Amino acid sequence: MTQRGETGVRTRNGGEIKKFTNKFEKSGGDGDKFGKKRKFGEGIKEEKGAGKKKPRAYENIVTADGKPDWKKARMEMKQLKETRKKKEMKPEIYELSKEAKKIWEELRKENCPQNVRDKLCDQMHRLVKGHIKRLSFAHDTSRVLESLLMYGSEEVRANIHVAFKSKDDIMLLMKSTYGHFLALKLMKYATKEQRDAIFKAIEAHVVTLLKHQFASRVLNDFYLTYAKAAQKTIIIKECYAPLLRLESLDESLGYDLKLILEKFPEKKTGILNNLQELITFMLEKNMKTNAILHLLIHEYLENCAHAERTELITTMREELVNILHTNEGSLLGLSCLWHGTPKDRKVIVKSFKGFIPKIACDKNGYRVLLGVIDTVDDVVLVSKAICNEMLNNLNDLVLNQYGQRTVVYLLEHRSSLFFDPEISKLLAQGDSNEYTKKPIGQRLKDITEPLEQEFVDGIVDNFGMWMKENCPCLVAKFILKRFTGGHLNEAVQKVAECIAEASTAEGVERNPIEALSKLILMELPMETRLAFASELLVHLNKLGQIKPWLQTNRGCFVLLRIWEKCGQDSQPGKEVKKCVTSNIQILKKHKTAGGKLLSNIVED
């Protein structure tokens, strides 16, 4: 046996010492304790050709002037590349891919006639048949197969799907650097049965695929675009715990983690640990745009401990602006707002700067802005970071289906005219969060009151466009209802002018126009009513619209309200009575409900 000493190995029986040198130990000169620092290159034998630069391909290819001949150099480099590629592939595959790419160059042209394209697809399919799997992993031939899927017939597409019918083939394709693009196309151009077969192949390997850089993209695309509700539930449950997917669960539970943990309380620790591990891994690998990850984080935040929740929100708060366009991303954004501290909320709101109009008009993103209005107590921050950008683009928002909801939320909160019960129920989940202190009514008042002039200017500048559609008209109604200051006279005069200029069919007979007129004449201050009525009657007389209005039911009701609500002795009231007296025959001829009531003015 031997014994290891500081500088060597000594035999136990006292034999000679064999020198043991540590390869990390510094070897110095005579008497130098730590060794002398060696200069770079010192003591190294010069090898043959050392220090010489490898000549580049073009250096020896020159023109008569001694300058590099770039054209010839490129040709040589291209030939060298082809030679290298030929060595890597079997000769028959190399020639096949070369022929396929020639056909592909013609096939992918935009101006290629359909009959020619069909012939090229058949020709290419005959060429690659039997070699599809081998060609799907190279950067050039995988694109050839993508075009074949795009332009090929159902029979061609079916044959390509058959090439990847086994589970291992699908998994390998999804994990391939170039092959995963073909996997995306396979999903896109697959039939219902083919997609179900693909899902069956990957069903038990969701977590493995999610952790892979390329496979996670394919799985995410399948989840967002093609997966049925039941398939989405299976994918999410498998992420909670691989064995849970095999459990006999009540379908009504869906993938709601809270309900699952209530039914399986003994599995809570294991499920949350699995989720934490998967979420941490995907965040470290910068997979933050994956919609499945967004939903997993949302469910985890709703059920994890306070410390883990705080850490995760801190990680995600600056990334939310990039993921709000998906349903899952918007749910995650709401969770971060509900459970985040005031500091987290401030960072989230500031990250939205410059993107407010885009978020407000997005199908899913607008919900996060509503969450900001519900939760952030810092009124100054909300006004500067969100409201100012909204008002600068007010016309675009009001004319957009989702943008107008964001505007109405500031004015009427959860109005049933714009928000269905599901949205209101979702947003109500954040009402009892621990960090929001101010009542919502007071907060909305503090936000909107300083912005009265901007909202009124929006009506003055844009009502001509808003009145063409029902919902924008209702937004104008809420703006007028919200504010009672002196700025309103200018707005209602513009409304009166636009209503008078509209033709009978498009104008007063439309319910929102009549509802807006009713609001102005019944709920706004007397000064505003008189301004609206005077302006309306002036324009109706100027454009010759009094007679057409008297022929309509709603037109008669508007005129009747002017007479009743502005006062019979007021200037507008007297003008209405004068118009009715001179056109009483029209009212008798068109027997509408409003006309009968309006004709009573003369009789009285």
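Worth saying up front: this structure is predicted, and the values here are computed from it rather than measured. In what follows, residues are counted from 1 in the order of the sequence shown.
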Check the side chains of H339 and N433 for a donor-acceptor pair under 3.5 angstrom, ignoring hydrogens and angles.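 Checked: N433/H339 side chains show no N/O donor-acceptor pair below 3.5 Å.
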How close do [X] and [Y] get, counting heavy atoms only, and between which atoms?
{"X": "W104", "Y": "R143", "value": "NE1-O, 3.7 Å"}
{"X": "L182", "Y": "S142", "value": "CD1-O, 4.4 Å"}
{"X": "V368", "Y": "L334", "value": "CA-CD2, 4.1 Å"}

Output yes when a side-chain donor or acceptor of [X] lies under 3.5 Å from a complementary backbone atom of [Y], and no otherwise.
{"X": "H205", "Y": "I202", "answer": "no"}
{"X": "T326", "Y": "G329", "answer": "yes"}
{"X": "Q194", "Y": "T191", "answer": "yes"}
{"X": "N220", "Y": "A291", "answer": "yes"}
{"X": "T310", "Y": "H306", "answer": "yes"}
{"X": "T225", "Y": "F222", "answer": "no"}
{"X": "Y240", "Y": "Y255", "answer": "yes"}
{"X": "S216", "Y": "Q213", "answer": "yes"}
{"X": "E146", "Y": "K185", "answer": "no"}
{"X": "H294", "Y": "N290", "answer": "yes"}

Is there a side-chain contact between [X] and [Y], using heavy atoms and a 4.5 Å cut-off?
{"X": "L283", "Y": "I279", "value": "yes"}
{"X": "C112", "Y": "L107", "value": "no"}
{"X": "S97", "Y": "D140", "value": "no"}
{"X": "R482", "Y": "F455", "value": "no"}
{"X": "L278", "Y": "M282", "value": "yes"}
{"X": "L173", "Y": "K133", "value": "no"}
{"X": "L295", "Y": "N327", "value": "no"}
{"X": "Q404", "Y": "P472", "value": "yes"}

Among F418, Y366, F419, Y409, which one satisfies ring-ring contact (aromatic ring centres under 6.0 Å, His included) with Y402?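 So, applying the ring-ring contact (aromatic ring centres under 6.0 Å, His included) to Y402 and each of F418, Y366, F419, Y409, only Y366 qualifies.
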Could you check, using the six-membered ring where one of them is a Trp, whether F181 and F214 have ring centers closer than 6.0 angstrom?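 Between F214 and F181, which both carry aromatic rings, the centre distance is not below 6.0 Å.
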Test: salt bridge (Lys or Arg N to Asp or Glu O under 4.0 Å). Region: [range]. Which pairs qualify, not counting sequence neighbours?
{"range": "residues 387-398", "answer": "none"}
{"range": "residues 290-318", "answer": "R317-D344"}
{"range": "residues 355-377", "answer": "D374-R414, D377-R443"}
{"range": "residues 151-163", "answer": "E154-R157"}

Is the H139 ring parallel, tilted or perpendicular to the Y178 ring (thresholds 30°, 60°)?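 Geometry flag for Y178 against H139: tilted rings.
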Run the side chain to side chain contact (heavy atoms under 4.5 Å, CB included) test against H131 and tell me which residues pass, sequence neighbours left out.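 Testing H131 for side chain to side chain contact (heavy atoms under 4.5 Å, CB included), a comparison that skips the adjacent residues, returns I93, L96, L135.
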For F264 and I260, what are the C-alpha separation, side-chain angles and deciding distance, and is it a side-chain contact (heavy atoms from CB on, under 4.5 Å)? CA-CA 6 Å; F264 299 98; I260 291 173; 4.2 Å; yes
Kindly confirm or rule out a cation-pi arrangement of R117 over Y151, judged by NZ or CZ under 6.0 Å from the six-membered ring centre and within 45° of its axis?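 Yes; both conditions hold, so R117 lies above the ring face of Y151.
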Applying side-chain hydrogen bond (donor to acceptor under 3.5 Å, both in side chains), run through E454 and N392 and close with a yes or a no. CA-CA 9 Å; E454 285 79 1; N392 289 337; over 6 Å; no
Output every pair passing side-chain hydrogen bond (donor to acceptor under 3.5 Å, both in side chains) with a member in residues 269-278, not counting sequence neighbours, ordered by first then second residue.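 Applying side-chain hydrogen bond (donor to acceptor under 3.5 Å, both in side chains) to every pair that reaches into residues 269-278, excluding sequence neighbours, yields nothing.
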